[in-house]
Amino acid sequence: MGDVTDTQARRIGVVGAGIIGLAVARRMTELVPAATVTVLEKEDGLAQHQTGRNSGVVHAGIYYAPGSLKAQLCRHGGELLRTYCAERGIPLDECGKLVVALDESELARLRELERRAAANGVGGMRWVERDELREIEPNAAGIAGLHSPTTGITDYRAVAAAFADDVRSAGGSIELGAKVLAITPTSDGARVDTTVDTYSFDVLVICAGLQSDRVARLAGDEREPAIVPFRGEYYRLKPEREDLVRGLLYPVPDPAYPFLGVHFTRRVRGGVDVGPNAVLAFAREGYRRRDVELGDLAETLRSRGFRALARRNWRMGARELRGSLSKHAFAAAARRYVPAVSADDLVPAPAGVRAQALDADGSLVDDFRIHTLGRVTAVRNAPSPGATSSMAIAEHIAERALAVV
Ligand SMILES: Cc1cc2nc3c(=O)[nH]c(=O)nc-3n(C[C@H](O)[C@H](O)[C@H](O)COP(=O)(O)OP(=O)(O)OC[C@H]3O[C@@H](n4cnc5c(N)ncnc54)[C@H](O)[C@@H]3O)c2cc1C
């Protein structure tokens with residue numbers, strides 16, 4: 001990428017004050033100090049959706065296909081984030097993560113994970129046998145594990161707030177309560193109509209999370225990939241049972257279902273979460289089971305991608321739904337990893353909703369996906385590890401967006 005600091009872009013717009021939009025805005029102020037950077041956010045506060053409702057894990061980059069954007073940006077983003085949190089006094093605890101194989105049938109996939117981690121250059125990974133596994137997590141089940149000592153936990157709301165402070169200190173502004181209604185690409189940028197005002201930008205970056213497909217379409221982008229919302233429900237261990245888990249305890253992922261598999265996550269501000277599961281949400285921003293947005297639901301059911309996904313995966317969907325409706329089923333899934341856990345140890349915790357992009361054939365878009373439409377750049381898929389990777393995603397996007405001006 002050439003030098004972008006001599007860009008003609010003076011008015012830079014970003015849609016979305018989640019961690020990615022704020023990271024992009026912050027990066028823009030670094031690259032083009034002479035520009036005016038404006039973030040447009042429909043909510044009255046920062047980080048109200050995925051960023052403020054996730055597991056808080058700083059991923060090491062173990063899982064991702066070597067060479068993918070996720071593999072590159074997660075590792076680099078994690079390094080940038082560690083340095084940033086240290087500088088800004090934001091808590092980040094490298095509590096470590098253990099991925100456990102419950103039986104022989106999972107060993108081959110755990111070995112494959114070890115190979116991936118090595119290919120991705122993730123440092124410090126270690127294969128551990130049963131005894132050592134128990135030294136790390138005395139209450140865990142399993143016959144072998146993969147230990148990542150550098151996986152950590154942080155508070156992504158606090159990170160997003162610090163990014164916003166940086167944007168404002170550099171002269172940028174964050175317009176809350178400004179919902180983007182229309183985007184008109186022009187020969188020299190884009191005009192953006194919001195509920196409060198109309199803006200003209202030389203460069204526009206869309207980081208709209210759960211609404212990313214709709215907002216990108218406003219700018220003339222293609223229909224697919226479409227967002228299908230999956231709610232992730234959590235329970236929390238009662239305080240007197242928190243010592244059942246020391247760090248982060250995960251199952252071996254099933255490559256067919258990247259986000260499934262209940263796990264144990266220590267929170268940086270205290271507490272241990274169990275979850276999340278993945279159930280179809282009937283509202284993109286609906287955090288309770290009873291939240292239904294008819295427009296969202298109809299769009300999901302109409303989407304070609306969702307129908308194809310549902311045909312292939314209804315059994316898995318039914319299993320997740322059972323865990324959602326029954327605390328006992330949820331506890332049973334958790335007990336496979338920590339046998340001492342009972343339903344009585346779990347209390348409900350706030351849920352999140354994942355923006356999962358789906359291609360027309362029903363395949364889950366695995367990698368980060370970014371579309372460029374002249375002077376408009378749209379993030380079309382940024383699921384986990386999007387928060388970990390946010391600063392690296394921002395570097396990646398900002399330089400490309402400015403290069404076209
Ligand atoms: C349950 C769950 C657990 C996760 N766990 C982890 C984890 O442990 N580690 C990790 O790295 N990642 C994790 N992730 C992923 C991570 O949270 C996301 O990758 C990241 O937050 C995406 O940030 P974002 O800014 O793209 O989206 P968001 O945080 O969703 O922000 C998008 C913003 O755009 C705004 N917006 C939308 N439409 C408009 C409009 N028309 N006008 C103006 N504003 C608009 C929204 O209001 C919102 O504020 C998890 C996600 C979920 C849901």
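Worth saying up front: this structure is predicted, and the values here are computed from it rather than measured.
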Is there a side-chain contact between F368 and P383, using heavy atoms and a 4.5 Å cut-off?
yes
For the side chain of K327 and the backbone of A343, is there at least one donor-acceptor N/O pair under 3.5 Å apart?
yes
Starting at CD of E104, measure out to CD of E106 and round the result to the nearest 0.5 Å.
11.0 Å
Just by distance, no angles: are the side chains of E285 and Q48 close enough, under 3.5 Å, to form a donor-acceptor pair?
no
CD1-OG1 distance between I397 and T372, expressed to the nearest 0.5 angstrom
9.0 Å
Minimal heavy-atom distance between H76 and A392, with the atoms involved, is CD2-CB, 3.8 Å
Donor-acceptor pair, Q50 side chain versus G352 backbone, under 3.5 Å?
no
N120 side-chain N/O to A71 backbone N/O, donor-acceptor pair under 3.5 Å
no
Any side-chain to backbone donor/acceptor pair from T388 onto H59? Under 3.5 Å, distance only.
yes
So does E240 have more than 12 non-hydrogen atoms from other groups sitting under 6.0 Å from CD?
yes
Where is the tightest heavy-atom contact between W127 and A144, given as atom of each residue plus distance?
CZ2-CB, 3.8 Å
Who are the ring-ring contact (aromatic ring centres under 6.0 Å, His included) partners of Y199, not counting sequence neighbours?
F201
Any chance you could measure D213, atom CG, to D221, atom CG, to the nearest 0.5 Å?
9.5 Å
For R11, is there an ion pair with D202 - N to carboxylate O distance below 4.0 angstrom?
yes
If the condition is ring-ring contact (aromatic ring centres under 6.0 Å, His included), which residues does Y84 pass it with, not counting sequence neighbours?
F163
I'd like to know if D193 and R191 make a salt bridge, using a cut-off of under 4.0 Å between side-chain N and carboxylate O.
yes
What's the shortest heavy-atom distance between V215 and V15, and which atoms?
CG1-CG1, 4.3 Å
Closer than 4.0 angstrom, basic N to acidic O: yes or no for D93 and R266?
no
D344 with R241: basic N within carboxylate O range, under 4.0 Å:
no
Spell out, as yes or no, whether a donor-acceptor pair under 3.5 Å connects the side chain of N381 to the backbone of V365.
yes
Measure centre to centre between the rings of Y235 and F330, then say whether the value is under 6.0 Å.
yes
Parallel, tilted or perpendicular: ring planes of Y63 versus Y250, cut at 30 and 60 degrees
tilted
Taking NZ, NE, NH1 and NH2 as the nitrogens, is one of them in D296 or R214 under 4.0 Å from a carboxylate oxygen of the other?
yes
Would a 4.5 Å heavy-atom cut-off, applied to side chains only, mark R375 and V404 as touching?
yes
Using modelled atom types only, decide if a donor and an acceptor are shared between the side chain of E233 and the backbone of G275 within a distance under 3.5 Å.
no
Can you list everything that forms a salt bridge (charged side-chain N to carboxylate O under 4.0 Å, His left out) with D273? Sequence neighbours excluded, please.
R236, R267
Close side-chain approach of L92 to V159, heavy-atom, < 4.5 Å:
no
Is E299 paired with R302 through a side-chain N to carboxylate O contact shorter than 4.0 Å?
no
Are side-chain heavy atoms of L98 and V128 found at a separation under 4.5 Å?
yes
With under 30° as parallel and over 60° as perpendicular, where do the rings of H49 and Y287 fit, or are they tilted in between?
parallel
Heavy-atom pair with the smallest gap, counting every atom of P276 and S55
CD-OG, 4.0 Å
By side-chain contact (heavy atoms from CB on, under 4.5 Å), E135 pairs with (sequence neighbours left out) E132
For the residue pair R380 and P225, what are the closest heavy atoms and their distance?
NH2-O, 2.6 Å
For the backbone of A351 and the side chain of R231, can you confirm whether one donor and one acceptor N or O come within less than 3.5 Å of each other?
no
If we ignore hydrogens and angles and just use 3.5 Å, is the side chain of T154 paired with the main-chain N or O of G56 as donor and acceptor?
no
Pairwise side-chain contact, S212 with V379, heavy-atom cut-off 4.5 Å (strictly under)
no
R130 meets the side-chain hydrogen bond (donor to acceptor under 3.5 Å, both in side chains) criterion, sequence neighbours left out, with none
For the pair M125 and I62, evaluate side-chain contact (heavy atoms from CB on, under 4.5 Å) and give the outcome as yes or no after the intermediate values.
CA-CA 9 Å; M125 297 291 302; I62 304 170; 3.8 Å; yes
Considering non-hydrogen atoms only, spot the tightest contact between P229 and L210 and give its length.
CB-CD2, 4.3 Å
With heavy-atom distances below 4.5 Å as the criterion, would you say the side chains of L244 and V272 are in contact?
no
I'd like to know whether L107 forms a side-chain contact (heavy atoms from CB on, under 4.5 Å) with I143, so could you lay out the CA-CA distance, the side-chain angles of the two residues, the decisive distance to 0.1 Å, and finally the verdict.
CA-CA 9 Å; L107 289 179; I143 60 166; 4.0 Å; yes
Is there a side-chain contact (heavy atoms from CB on, under 4.5 Å) between L80 and E395 once you walk through the steps?
CA-CA 11 Å; L80 294 173; E395 283 184 356; 3.6 Å; yes
So, do I206 and I183 sit near enough that their side-chain heavy atoms are less than 4.5 Å apart?
yes
Out of V14, V376, V405, which one pairs with V203 under the side chain to side chain contact (heavy atoms under 4.5 Å, CB included) rule?
V405
Ionic contact status for E79 with R82, cut-off 4.0 Å
no
If I take atom CG from residue L81 and atom CD1 from residue I19, how far apart are they, to the nearest 0.5 angstrom?
6.5 Å
Going through the checks in order, is the side-chain contact (heavy atoms from CB on, under 4.5 Å) test met by L237 and L346?
CA-CA 5 Å; L237 289 179; L346 304 177; 3.8 Å; yes
Straight-line distance of K97 NZ to H263 NE2, nearest 0.5 Å:
7.5 Å
Partners of R307 by side-chain hydrogen bond (donor to acceptor under 3.5 Å, both in side chains), sequence neighbours excluded?
none
Consider only side-chain N and O atoms of S105 and D103, and report whether a donor and an acceptor are under 3.5 Å apart.
yes
Heavy-atom side-chain proximity of V24 to C207 below 4.5 angstrom
yes
Quick check against the 3.5 Å criterion: does E43 have a side-chain atom that pairs as donor or acceptor with the backbone of G45?
no
How long is the span from the SG atom in C74 to the CG atom in L69, to the nearest 0.5 Å?
12.0 Å
So that I can tick it off, tell me whether E112 and R109 are bridged by a salt bridge, with the cut-off set at under 4.0 angstrom between side-chain N and carboxylate O.
no
Do any N or O atoms from the side chain of S389 and from the backbone of P385 form a donor-acceptor pair under 3.5 angstrom?
yes
